Every structure is written in C-alpha cells, then in structure tokens.
Q: 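If you scroll down you'll find the structure; I have some questions about it.
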Amino acid sequence: MTTLPARTDRKLGLVIDLDTCVGCHACVISCKGWNTENYGVPLSDMDAWGEAPEGSFLNRVHSFEVTRDDAPPMIVHFPKSCLHCDNAPCVTVCPTGASYKRSEDGIVLVNESACIGCGLCAWACPYGAREMDGAEKVMKKCTLCVDRIYNQTLPEEDREPACVRTCPAGARHFGDLGDPESTVSQLVTARGGFDLMPEQGTQPVNKYLPPRGRDTLATPDLASLCTPATETATGFLGWLDRALERI
Amino acid sequence: MHPAPSLILFTVLSGTGFGLLVWLGIGLRAPTGIAAFVLFGLGYALTGAGLIAAAFHLGHPERALLAFTQWRSSWLSREAVLAAATLAIMAPHAASSTFAATPLPFFGWLGAALALATILATAMIYAQIRAVPRWHHWSTPPVFLLAALAGGALLAAQTGLALALLLALALAMVAHWVFGDRQFAASGSTTGSATGLGGPGRVRLLEPPHSGRNYLLREMVHVVGRKHARKLRLLALGLGALVPAAVLLLPASHATIILACGLHLAGLLAQRWLFFAEAEHVVGLYYARA
Amino acid sequence: MQSRQPALDLSPQVSDEVRKTTCYMCACRCGINVHMKGGKVAYIEGNRDHPVNRGVLCAKGSAGIMQHLSPARLRAPLKRVGPRGSGEFQEITWEEALQTATDWMRPLRETAPEKLAFFTGRDQSQSFTGWWAQAFGTPNWAAHGGFCSVNMAAAGIYTIGGSFWEFGQPDWNRTKLFLLFGVAEDHDSNPIKMGLGKLKARGARVIGINPIRSGYNAIADDWVGITPGTDGLFILSLVHELLRAGKIDLGYLIRYTNAPYLVNAADGPEKGLFLRDTDAKPLVRDRHTGQAVAWDTPGIAPDLAHGVEIDGVTHLPVFRHLSDRYLAPDYAPEATAPRCGIPAARIRAIAAEIARVAFEEEITLDQPWTDFRGVRHETMTGRPVAMHAMRGISAHSNGFQTCRALHLLQILIGSVETPGGFRFKPPYPKPPEAHPRPHAGHSPGQPLDGPHLGYPLGPEHLLIQEDNTPKRIDKAFSWEAPLSAHGLMHMVISNAHAGDPYKIDTLFLYMANMAWNSSMNTSRVMEMLTDQNPDGSYRIPHIIYSDAYSSEMVAFADLVLPDTTYLERHDCISLLDRPICEPEALADSIRWPVVQPDRDVRPFQSVLLDLGARLGLPGMIRDDGTPKFRDYADYITSHERRPGIGPLAGFRGADGTDAGRGAPNPDQIDRYIENGGFWTCHIPTEAQFFKPWNAAYQDWAVARGLYDSPQPYLFNLYSEPLRKFQLAAEGHGHRQPPDHLRARLLQSMDPLPIWYPNFTDAETDPAEYPLHALTQRPMAHYHSWGSQNAWLRQIHGHTPLYVSGEIWKQQQFAPGDWAILTSPHGRITLPVVRMDALNPHTVWTWNAIAKRRGAWALDPHAPEATQSALLNHLIHELMPPRGDGLRWANSDPVTGQAAWYDLRVKIGKAPAGQSVSYPDHSAQRSPVPSPARDLAHQTKP
Ligand SMILES: Nc1nc2c(c(=O)[nH]1)N[C@H]1C(S)=C(S)[C@@H](COP(=O)(O)OP(=O)(O)OC[C@H]3O[C@@H](n4cnc5c(=O)[nH]c(N)nc54)[C@H](O)[C@@H]3O)O[C@H]1N2
Ligand SMILES: Nc1nc2c(c(=O)[nH]1)N[C@H]1C(S)=C(S)[C@@H](COP(=O)(O)OP(=O)(O)OC[C@H]3O[C@@H](n4cnc5c(=O)[nH]c(N)nc54)[C@H](O)[C@@H]3O)O[C@H]1N2
Ligand code: SF4
Ligand code: SF4
Ligand code: SF4
Ligand code: SF4
Ligand code: SF4
Ligand SMILES: [Mo]
C-alpha cells in the first residue's frame, strides 16, 4: 500500500484562510478531543501535569511575524495539519504499508495496527504533520476526520472535520479540491490560494489563503470628502444653522 | 535530526558487518575453519547487533515482519529484505567455509552483491528524504558504502584495500560536508516558502504552537554549535579515516589492525552522530525564531 | 501497484447519548453538546442551535472534558489545620463544614451583619448571591465587576443605557467598517470571532486600536498601535475631525439625544444642570420661535446652535458646549498625535474613513416603525460603522471618561441602534434612571434595605455616613468612587486588613482567586491574608471560600466549600443577571447535571441556600422554619423576584407557554433541557432597531417583563448626574466631599467626555519608568483555570515577556535572555521574546498563566511556576503615599475600576544564568493527591 495511487477520485482537503485566523487554537483542541475518542488510539499526553508536558496533536497553530519595510509589522496566525499531499513522501517511505493514501478521496492515513513506529514517515514529511504517540508509539496524523465526513450516524451538516466545524472565525474550509467547481476550489482561485513549500514536490492538497493587504487605508482626510464646516465663510455655527434648516 | 544512539549504532555496526561480508563473500579473503568461524561470526554478529539496535528505534518491534512487505517503494523495507536475504544467502557459503573448508562462490558472490545492496539501501533511507536537504544528495551513499567497505576491509585485515578505501572515505566525508553545507539553501525552502508569507516581508516565528515540547522538535530540530561541529568533523575525519590509514602504514601486525579498526569505528560513531545532528529538517523552518 | 486499503469503519457511533447544556470554561456561555458513552463524558462540541455560538466552540470549550477530569478538583470540604497559606487541610463532612460556617455567621447577623463580607468572582449567579446577601443584611456584597470592566458598563449605562458585550454588539451582518478598541479576547469570545469572520468574508474593513497586534488585531486590516492610556485623546481627536468637517448626524442628535437640551449657565447651585420647566422637563430652544420649550413639545425644531438668554445669561444647548470643546485646537490631530503615538495624518485618515462609510455608504432597510413620539418612519436608515471596546480602554484610571468618549463618537455619527452600527441586546437599553439605586442600610437581624448595587444619580445616592466615611468595606459609592456600580472587590482584602473604613469578621469568597491573579499586589495580599494580631489571631478572623479546584486562594481559607464542576450542577443564566440575549432575541439558558459528581462535593448555590435556611434568612425558610428550597434547581423554578418574574424567563406559566412573565412552572427545567438547554424569544422585526425610541420595542419589552412600563429615553451626551458631583465639589449642596477629593472630582466628573493622563502616568517619572506593561488574555486559557487542563497547558505553559524591537536592541537582548521588570512598586523576572508588532514603549505578557508552586495539582517544577510571573506583583492596589495619610486606590476616580493597565515599568537584562522566574513564593501543600504522570484517556462505553 505504500505506493501512491496513480490518481484519486477526489481530493478532499482543507483550505485555511490566513486573513481570518485569529490564532485561537480552537481547531487544535477540537481535533485533539475528536481524535482522542475516535480513529485509532487516544492522543496521549506525557508528563501531563509535570515539568515538561508533551502530547500528540494533529493540528497546531504557529504565529509568525512579518516585518515590512514600508508598513507596520504584521502577525499571522498559522494553523498546520497534514496537507494530504498528492505526492506524499511519507507514504512511499513507509516500510510496512501502514501509511497509505486512499484512492477514493486522497486522504492520507496511518493504519495503526500495521505501524511499527519507525518514525521514517515523520522524517519524510516536510511539514511536521506527523507525530509519534508517546504512549502507544504509533504514528498519528490528521485523518481529515475520515470517521466524521462519511459518518452516517451524524447529521448531514456535521459530516465535516471537527476543526472546521468548530472554527469560530470560519477560517477553515473543507471540500474537494480536485473539483474545480467546488466552493473550496473557487475560494482558492478567487483569493490566490497557495501551496506550502512547493519546492518540496509534495503537491499538497490543502491550500492556504494569503492575508489580504494590511494597513492600506487610503482615505486621505476629510478635506477630500467635503469642505470642512469650520472653513465655510460663516464658520461652524453658520454651517450648523444651514444644516439644521435642511432637517 | 536527533542523533539517536540506536540509529548511530545500527548504521555503524551493520554497515561494517555487511562490509566485511562483502569481502568474505567475494573471497577476497577466504578463511576456513576457525578463522572463517571468527570472521563470518564477526560479520553476522555486527549486522545482527546493528539490526537489534535498530529494533530499539521501533515503537512496535513485534510487528517488524511487516517491514518486509513494501520493498517496491520503501528503502527501509528494501533494506530489511536485503539484509535478511544477505544473511540467508551468505549462510551456506559461511557454513561451508567454516565446517567444510569449502567456500561456495555462488552463494558468496550473490551474498556479497546483496550485502552491497543492503548498505546502499541503508544509505538511501536517508538520501531519499528530501525534507532533510543535507542528506538528499548523491554524496550520502558514498559515505555509507565506503565506510562499510573500509571497515569490512579492516576487519578482514586487507590493509592495502583498507588504506585505499579509508582515503576514499575521507574524500567522501569531506564531499558530503562541503555539499551538505550548501544543500539547505539549495533546496529553496525558507521560512518564506514554508509559510507562503515571504512575499510581503521578512518572516519570523513569533510563537511556537505550544509552549510545551513536542515530538517534532525532539526528533527533527537539533542544533549543534558551529564550533562543536567543526571539532567533531575533524575527529570524524581523523579517527574515521586518516589516522587509521596512517596506522596501516605502520608495519602490519594484529595490533595495528586492531588499533586501526578501533579508531575507525570510533571515528565513524562521531561521523554518524554528526550525520544526524547536523542534518537540518525543513520542518525547523516552522520552529525557528531567528 | 495498488494494493488493498484497510477496511475502515467510516460510521462509528460517536456516543450513546447527547446531553445539551451550557459551557462554563469561560463566561461566554456557549451551548454545548456533551456526548456521553456509558454514562461518562466522552466528547464536547458546540450546539448548532444555540444563539450564542451556533455550533462553534473555542479551545477551552473543547477541552472541557479535561477540566471535568482535572486532578485539581477538590474532593470534600476542607478545614484548615496548618497556618494560613500553607495548604494544610483536613477533609471534613459537609455537616461539620456547614455547622462551622453557620456558627461563624449567625452571631454576625444578630449583632453586626456588615462584618460579613461576601464577594463573588467569575460566577454567573449574581442576582442569586446578591439576593442572599441582602437577606443576610450585609451591605458588603459585590461581584468581580469592579476590577473587571465597570468603567465600560457604567460609562455605557450613563451615556446610552447599555454597553458592549452582554449589553449589545455590532450589527455583524451589515457593518462595513469596524473599530475594535483594546480587546484581546473579551467575554463574547466566540461571537466576536464569528462576527469578525463575517466581516472578513464580506471584505469589510477592520481597524484594530491596540498597542499589541496579536489575535483579533492581527487580522485587523489596519492596526493603530496606540500608546496605552491615550485612547480618550485619540477618540476625541476623531470627534474633532468629524465636527470640523460637519460629518455628524444632526437629525439623529436632535431626535435621540440630549444634544439640544439647554444647559443652565447662571452661577449657582443649578449651574451646568439642564434648564427645566415646572414639570421638571428639560428645555430646548425651538428654532421657529426662539423660545425655550419642553424638549418633547410636538412640532418644534430643536436648535443645536443657539441658546436662549434669560436674565442676561445665555444658556447654550449641550451641542454647543460639545462643539466648542472638541473643536478646540487641543483636540486637533497635530496636538494629540505625539501623546497617542499615532501620526496626525493617520488620525485624519481614520476620521475620514469613518465619515465616508457612515455618510456615503449608509444603508436603508425597508422596515417601517413608529417612534415614542408617535411619528411613523417608513424606513430604517443606518450608518454601517460599528465599534467595540473592552478593558484596553476601561482598565485605566481615565477609563470611564474614555468609554464615554467612545460612545460620544458612536452617537455623533448616528450609529447606535441603527442598521450596520451597534445594537443593544435586551434587557438593554436601560438608562440609569431605570436601574435601582445602591443600598447599604443595615441593622442587626434585618435584611438590607434594598439591592446593594445600582446607579447613583447624584451625591444624594452615595453610601456614606454623616462624616463622609464609606458604608461599604470596599468604599463603593463613596466620594472616592461615586459611580462604582459593581463595587470594588479588589480593595476588600486591603481595606479589611487595614480596618479602613472598619474591621470585618468573616470574609466569604466564591469563585475568585483573590490570593493570586485577581488581586493587585499579590505578594502583599498573601501577607495581608496571613497577618496576625499581637494575640496571634488573624487580622481577618475568618475566611470561607468556595472553589471547585485546588487554587491559590484555597490555601488561604479556613474553611473550603468544594463546588461541583460545570457539568455536575444546575446553573441559571438569567435575564435578572448577565443574560445571553441577542440583538434580535431574548434568551436565557441553564446548566444541568449531565453527570453526577463522583466526589463529596456540592453545588455552591445549593449550599448557599442550605446556609440561608440554617441562618433562618427571610425568603429561604417557610413559616415553620424549614428550608423553602430543596436545592438551587428548586429555587430556579419557584423563586419569583416580582410577581410572574423569575430567574428563568422561558416556558413559564402552568402549561409552559408564557414568555417572560408568567407563573412558575415546575417542569421548567425539563422544558429547557428538551429545548437544548436554552430559550429564545424573538423581537418583532419592526422593533429590532432604534430600541430606546421604538414604540413597538418598548411595548414588547413590557409584555416580556423587562420593564413594567415603557421607558423611552434620550442618549446622554451630557451627563447631568456627573455634573451634580462636580457641583458638590464646587461647594454646592448638602453633601460635601472631603477637601482632598474636590479637585479630582471636578476633573473626573466632567459631564462631557474628557481625557486626562491616567494617575500613574501623571505621577510616575517617565524618564525612570519609560515603558507601559500590559497583560493580554490568551484565547486558549481562562484566567487561572486553564493550567490544570492537560491539553490547554501545553499551549500556554509560561509567560514570556514580549518586548518591541526597539527595546530588544537597546537592551541587547538575545534569544534565551531574561529580563528584570521593575515598577515603582516591585520587581519580577521573565524570559524575553522579541515582537515588533508592538507599540515601541510597551511590554506585555499573558495574564494569569503564572502559578504558585503546589497549586492546581501541578508539579512544583511546572513551567507555570518556574518560567512565569504575574504582572500583578508590580501593580499596587494603592497609589504611592502622598504623605497625607490617605490610602488612594489605584482605580478610576469615577467608578473605582481597577487600573490594571496604568502600570509603568523599566526593564533591564537579568544576569546571565537566570533561569527561574522571580518572585518565587513558597510552595503550598496540595490538598489533592498528585496525578498520574501520563494521560491517554479514551472513554470506554
Ligand atoms: N495583571 C492582571 N490581573 C488581572 C487582570 C488583568 O487584566 N491583568 N484581569 C482582572 C480581571 S478583569 C478579572 S475578571 C480577574 C479574574 O480573576 P478571577 O476571578 O480570580 O478568575 P480565576 O483565576 O478564573 O479564578 C476564579 C476561581 O474560581 C474557581 N472556579 C472555577 N470554576 C469554578 C466552579 O465551577 N465553582 C467554583 N466555586 N469555583 C470555580 C477557580 O478555580 C479559581 O480559583 O483577574 C483580574 N486580574
Ligand atoms: N480566553 C479568555 N477569554 C476571556 C478571559 C480569559 O481569561 N480568557 N477573561 C474574561 C474576562 S474576566 C474579561 S474582563 C475579558 C477581558 O477581555 P479583553 O478586554 O479583551 O481582555 P484583556 O486581555 O484584558 O485585553 C486588553 C487588551 O487591551 C489592550 N490594551 C491595554 N491597554 C490599552 C490601551 O490603553 N489602549 C488600547 N487601545 N488597548 C489597550 C491590550 O493590549 C489587550 O489586547 O475577557 C474575558 N474572556
Ligand atoms: S479555530 Fe480557526 S481561527 Fe482559531 S486557530 Fe484554528 S483556524 Fe484559526
Ligand atoms: S503533509 Fe506530510 S504527512 Fe501529510 S501527506 Fe504531506 S507529507 Fe504526508
Ligand atoms: S512510523 Fe509507522 S506509518 Fe510511519 S513509516 Fe514507520 S511504520 Fe510506516
Ligand atoms: S481534519 Fe480532523 S484530524 Fe485533521 S486537523 Fe482537522 S480535526 Fe484534526
Ligand atoms: S467561549 Fe469557549 S469557553 Fe467560553 S463558553 Fe464558549 S466555548 Fe465555552
Ligand atoms: Mo474580568
């Protein structure tokens, strides 16, 4: 199974809007909660209340600062989980076949019962999207909530990843990026969605939407909109009188 | 990358073991009887010890058999298959040499070819990882191959061959460092490309995702001081190749061979430690504050 | 080659039951679906039907299961056996605990009820605890609002009859320009994020005014990195620009505000009050006749420009006072720019953008409505500029006036209660007149003479003795904080320790970590709590505390009443209290025990009712002396505040169909549970805007029991109650402030919004302490509670000090360095991190992550204790002594709001090798066992 499917019927993935993400970590914890109870072994936390806690998470939010020469610095909150790459190196390196990419929807998964915990797939992933579980010593990664998105026991509207469902700002979108007509594909086109580290040749399915221009307020001042009331011949009071007449 | 002792031991020991088996397989040295027992035994012991060390790196060694299944795509799987095949194919040759004083060249040569392939496969486990630019280069396999063959030649007491191989290894190591130092930049991956935010300005990590630690940082983000690395490189180059080579120029004796072997292995441990510790994984771009 | 993929179960059963209740990982009160497996909590997600969160959930909410399973949960009532603060306790029975509490309180009630001080923190049952305290008879009750954001609340009530958060919110669906002042997270955590998401989806412009550009401000299209404490000046500069350009909504001002009211200019005790007719109706000048007539005379054209002359004195309308003041060059961008740290051109550009959007992109809804004057309007016109603000502007000693300035700005452009602007949530709008006055009349064995808190309309409503000494232990509603509508909880321990204004006997605290992050001057407060009299008794004789977890405060209590977690009890999010309504709907909700506690703990509210019954408090016992309420759930359903009005507004009446008003319904809680834990009742569409003046809204509100009669009112650009305090300070009237407070009352009680430098800025040498130090709330933590949470503590486990690039270079910091941060009052050390998107003269760290060693069931070496420090150690609850022997609170002079963000500091590099934060307090013993090391929790059915 370690070979990649020649093509997948669909390319399910996430589109993450860096213009909208406030860095609240809601997606991080809802992912932890869902995936602790569901797919595979629970996501453990070692030294949970101790000096150096270290848990497995399938989604983490970094914060970057972008300094610019002619504008104020910006902060960009940056969530990152598995990008379900089309050309996933994590899959091909796996010696056991535990790592695989589903041919029907492109989701990259780990079959935990076949995983020997060698860690090679995590090395192969440029994005840091795989974490070895500290307690169970099997590889954990974003499942794209494969046990939610098709789940017949859930109401239709809930058949989306936990992180998408929970994101308060609506910065996460889920859909078929292989279908140019899908809402996510259109969003990517409209907003100039991009790949992370395209030079790594992984062909990620997940896309990121760039922050919109910041600090671009262009309205120069009120004099450009009107003649200031105080600069009319009769001054502010005269202006006021006339304005009140019109009411 | 985290320089895990299990992986350092694995690559050094099994590499050397397979290197020795290569030479024993092609009959460059064709011992029989006790000598064969000792030499083949050494070859098997080293490879075996290496593989056991490697198993310590596994979270679930009890499922290790599954690692034989994905040889079509995975270098690690290939390595497992080749290692096992080497040891199996070489066995009749070794047994026959030891107990019947009759080398079996067919098995020997085939075994040697497989041993060579095994060493290559080990090297390729690392060289294929594009996310670690320092490894992802043609200069990686020569270091593994030459180190294994030189070590094997030393153990087989083939001083001339060993001398040549050690010198070649020295060159390979230097090449690996020289090219390696440029590889990260050459990969084109930067914090800008990692985040896609390089366009508007200079990108810097403000806050890591968690104040707590994580597996990625422990496993992939290891920083070695420059000065420290330079010293270790000298040590690796000296002990791993040049000094043993010089020792071999001394009048040959068991003592010189053993000395050269010891030095070489010590140097190789340093080289491997550096091989991991110096290797920058691109995921570090998501964690670097600089 | 493509081999077989493993067969997956794509439709696993998520749980065997979903129980819908209300989150309490913070005070936002989102609806949650609690998934149960085998009777245990397995997974928590947002409730899609819930009006607050519409299905989304924040990090804390999703981590609820870890709070519910926290090892820091208290297990049984505790009696202190070691010295205070040591954390040495013995677990006791509830009977012993309740008997002890009763034995301490009964004599107080019978002799001096004021000697019980009952203060509550982040709870959401204030109408209940206040009712209890009133029945006990102590004047000393309040919740935490005084140190939280009373500036915001009070300024809002006095100006527009409501404020932000629970009072109202931006019209997220229509706003085109949004200005966010001083907000890191706020209470309305999820709604604000959802709202920002809507604005972003529409591409509306967001302007963030904040010294720090993180979180919400990171996604702001434009960032204004203002110098802390100067927002008032910035806002009034915007006002200056708008006035200068004439970009104001005069029609709105005339119809809906007191802008036309004539202000008495004649010297004397009425100066600055409104001119009134014999019916006490304020007068305005009618432009047709030039006469002063009652403001509501039909058919008049109120003037804003000219006054009337009476006896040779010209009395000008409010608007003239206002325009004269703000058109002055002091408020021109050039004048304010240096102080605010914002270029003048940028101030002008922002003013212009506000004007452009307000007046060129106005929106009109085809929705007829009728105003309180009986005039019918065919449409609703709105100015789609919305604003929101929180503690960044309110937690300063000039915060009250700054918040007023912000409301002034909103009003001038006509964007309050209009489409696209700011909208009230019922029961707001509600002007100060419609709120009660504060009460402190106490006598032994008797209930208090009225509700504790309220909105004074003049000095006559202050709670002071004849000699001007405060009646309350926190000095609320005294000359030191006349409009302290939420009390001053942050002063209680300090005042009780000092015996100023008097000593108390029992300090009863609930859900407030007063020995740690909720107090200013934390180190000293811990000493105050442990200080002894010469005879060895404690200065504060008894401390009773209710907490659910092993917090720092627990260690300082003599008696601990362990509470349940939020999934184990009934709670009531009531319209009488701090409601969860929407601009378009009335709403309230409940919590209910979705699981039973597995420890010997009890819901605090039920315990309070039990105590009330043991003490025989009125309203809590029947005539035969037996308890009136079985438990809190019983109280929620059967208690009536006024006939037909109870804690819950939904499903009232015998058949459960009454909304708002109706007889108690014994099945009410079940009906809430069936409905997902909440109740909503929509406002008719014609009543959804212009609420203070909309006849349909007023009638609807009366029918729902929000008021007993329609209460239309005008916005108070000019605040007459404030002026009354100034008059007192000028020497008028019977009640006179002490001389030392006259000047400050004159300055701070200005009836028109003003700006003055906050007290710390005014009194600290800017050369010695050049920096401002702030805290921000982390989105993934709630105050001190988050650190016990195995998932959340990994996100924020320490408190780095963020410093600007300028400071970084100046101090030659390198990664890994630590800084010493010194205020005039104290010193802490912290690791530093560089952050350029920061006001250059500001440093900051996360609020309340630092922990005392031994608390919260954490390892004593946890980074929360060793790599973290509270800024609170640097903030004194008092201003530096002036040699006058007086204790000047570090609070807003109007409302008593704690001035957390007035802090000034200097920074230096810590000596090399620093690796543990300072101050390092002694460890407390943990009253709960230490937890297992690792966690891999999966709920097995
Ligand atoms: N430096 C600085 N300090 C500040 C602020 C700041 O901005 N900067 N902000 C201030 C403000 S606005 C506030 S509101 C305060 C907040 O400070 P607090 O009100 O003290 O908030 P918490 O730290 O959450 O403490 C509340 C206590 O309630 C307990 N608790 C939690 N759940 C329950 C429960 O279900 N039942 C019971 N009985 N107890 C429970 C917790 O264990 C904790 O001990 O902090 C103030 N302190
Ligand atoms: N996740 C989470 N949510 C919470 C809480 C929590 O602990 N965690 N606490 C709750 C409580 S009790 C409260 S009171 C609210 C508080 O909600 P917020 O008011 O959002 O909380 P703070 O973190 O105090 O944020 C103050 C903001 O004001 C900025 N600021 C400081 N001084 C100034 C100034 O002079 N001018 C301007 N323009 N900005 C300034 C700071 O940089 C910071 O961003 O949050 C509530 N919600
Ligand atoms: S939940 Fe949404 S807004 Fe919050 S960090 Fe994740 S993506 Fe960003
Ligand atoms: S992001 Fe990493 S783990 Fe996910 S498919 Fe791509 S390479 Fe594999
Ligand atoms: S850790 Fe598991 S999934 Fe990853 S490569 Fe090894 S066996 Fe495959
Ligand atoms: S899709 Fe599911 S598994 Fe992946 S990050 Fe989101 S919640 Fe986690
Ligand atoms: S904002 Fe978060 S913690 Fe607060 S009530 Fe909502 S879900 Fe719970
Ligand atoms: Mo607060």
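Because the structure is a prediction, the values reported are computed rather than measured. Per chain, numbering begins at 1; letters A, B, ... match sequence-line order.
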Q: What part of A:Cys24 gets within 4.5 angstrom of chain C, counting heavy atoms only: side chain, backbone, both, or neither?
A: both
Q: Could you tell me which portion of A:Arg68 (side chain, backbone, both or neither) has an atom closer than 4.5 angstrom to a non-hydrogen atom of chain C?
A: side chain
Q: Given that the side chain runs from C-beta out, which part of C:Ala932 has a heavy atom under 4.5 Å from chain A: side chain, backbone, both or neither?
A: backbone
Q: Output the option from C:Ser62, C:Ser11, C:Gly197, C:Gly195 having the highest count of non-hydrogen pairs under 4.5 Å with chain A.
A: C:Ser11
Q: Which answer fits C:Ile350, side chain, backbone, both or neither, if we ask what part of it has an atom under 4.5 Å from a heavy atom of chain A?
A: both
Q: For A:Ile107, which of A:Thr143, A:Ile149, A:Thr8 qualifies under side-chain contact (heavy atoms from CB on, under 4.5 Å)?
A: A:Ile149
Q: Quick check for you: among A:Asp47, A:Asp147, A:Leu18, which has the greatest number of heavy-atom pairs under 4.5 Å with chain C?
A: A:Asp47
Q: Are C:Ser70 and C:Gln788 close enough that a side-chain donor and a side-chain acceptor fall under 3.5 Å?
A: yes
Q: Of the backbone (N, CA, C, O) and the side chain (C-beta and beyond), which part of C:Arg320 lies under 4.5 Å from a heavy atom of chain A, both, or neither?
A: side chain
Q: Side chain, backbone, both or neither: which part of A:Ile247 has an atom under 4.5 Å from a heavy atom of chain C?
A: side chain
Q: So, A:Glu104 versus C:Gln5: side-chain donor-acceptor pair below 3.5 Å or not?
A: yes
Q: Pick one of side chain, backbone, both or neither for A:Thr232, based on which atoms fall under 4.5 Å of a heavy atom in chain C.
A: neither
Q: What part of C:Met835 gets within 4.5 angstrom of chain A, counting heavy atoms only: side chain, backbone, both, or neither?
A: both
Q: Could you look at C:Asn33 and say if it's the side chain, the backbone, both or neither that has a heavy atom under 4.5 Å from chain A?
A: side chain
Q: Between C:Glu241, C:Glu864, C:His306, C:Glu45, which residue shows the highest count of heavy-atom pairs closer than 4.5 Å to chain A?
A: C:Glu45
Q: Which bit of A:His77 comes within less than 4.5 Å of chain C, counting heavy atoms only: side chain, backbone, both or neither?
A: side chain
Q: Contact part of C:Glu185 toward chain A, heavy-atom cut-off under 4.5 Å: side chain, backbone, both or neither?
A: neither
Q: So which of C:Trp856, C:Phe319, C:Tyr216 has the largest heavy-atom pair count under 4.5 angstrom toward chain A?
A: C:Phe319
Q: So for A:Thr216, is it side chain, backbone, both, or neither that comes closer than 4.5 Å to the heavy atoms of chain C?
A: both
Q: Is it the backbone or the side chain of A:Asn111 that comes under 4.5 Å from a heavy atom of chain C, or both, or neither?
A: side chain
Q: Side chain from CB out, backbone as N, CA, C, O: work out which of these in A:Cys21 comes under 4.5 Å of a heavy atom of chain C, or both, or neither.
A: backbone
Q: Under 6.0 Å from the ring centre and within 45 degrees of the ring axis: does the NZ or CZ of A:Arg214 meet both conditions for the six-membered ring of C:Trp223?
A: no
Q: Taking CD in A:Glu156 as the centre, count heavy atoms belonging to other residues, nucleotides or ligands within less than 6.0 Å. Is the count above 12?
A: no
Q: What part of C:His35 is in contact with chain A, defined as an atom under 4.5 angstrom from a non-hydrogen atom: side chain, backbone, both or neither?
A: neither
Q: Would you mind checking which part of A:Pro220 comes under 4.5 Å of any heavy atom in chain C, side chain (CB onward), backbone (N, CA, C, O), both or neither?
A: backbone
Q: For each of C:Asp859, C:Ile347, C:Asp836, tally heavy-atom pairs with chain A at distances under 4.5 Å, and name the one with the top tally.
A: C:Asp836
Q: Could you tell me which portion of A:Tyr150 (side chain, backbone, both or neither) has an atom closer than 4.5 angstrom to a non-hydrogen atom of chain C?
A: both
Q: Side chain, backbone, both or neither: which part of A:Glu245 has a heavy atom under 4.5 Å from chain C?
A: both
Q: Is A:Val61 in contact with chain C via its backbone, its side chain, both, or neither, using a 4.5 Å heavy-atom distance?
A: neither
Q: Check each atom of C:Ile44 against the heavy atoms of chain A and say whether the ones under 4.5 Å are side chain, backbone, both or neither.
A: neither
Q: Pick whichever of A:Gly23, A:Pro53, A:Ala218 has the most heavy-atom pairs under 4.5 Å with chain C.
A: A:Pro53
Q: Given heavy-atom pairs under 4.5 angstrom as the criterion, report whether the side chain, backbone, both or neither of C:Ala72 touches chain A.
A: neither
Q: Would you mind checking which part of C:Leu8 comes under 4.5 Å of any heavy atom in chain A, side chain (CB onward), backbone (N, CA, C, O), both or neither?
A: side chain
Q: Chain C heavy atoms under 4.5 Å from A:Arg246: which part of the residue, side chain, backbone, both or neither?
A: neither
Q: Quick check on the interface: out of A:Gly170, A:Gly50, A:Gly33, A:Ser224, who has the most heavy-atom pairs with chain C under 4.5 Å?
A: A:Gly50
Q: Under 4.5 Å, counting heavy-atom pairs only, tell me which of A:Ala162, A:Pro73, A:Ala135 racks up the most with chain C.
A: A:Pro73
Q: What part of C:Ile795 is in contact with chain A, defined as an atom under 4.5 angstrom from a non-hydrogen atom: side chain, backbone, both or neither?
A: side chain
Q: Select, from C:Ser189, C:Pro71, C:Cys58, C:Ser787, the one with the greatest count of heavy-atom pairs under 4.5 Å involving chain A.
A: C:Pro71
Q: Is C:Ala220 in contact with chain A via its backbone, its side chain, both, or neither, using a 4.5 Å heavy-atom distance?
A: backbone
Q: Need one label for A:Gln152: side chain, backbone, both or neither, based on atoms under 4.5 Å from any heavy atom in chain C.
A: both
Q: Tell me, for C:Ala351 versus chain A, whether the close heavy atoms (under 4.5 Å) come from the side chain, the backbone, both or neither.
A: both
Q: Of the listed residues (C:Met194, C:Met779, C:Lys200), which shares the most heavy-atom pairs with chain A below a 4.5 Å separation?
A: C:Lys200
Q: Who among A:Ile75, A:Thr230, A:Asp215, A:Thr153 has the most heavy-atom pairs with chain C under 4.5 Å?
A: A:Asp215
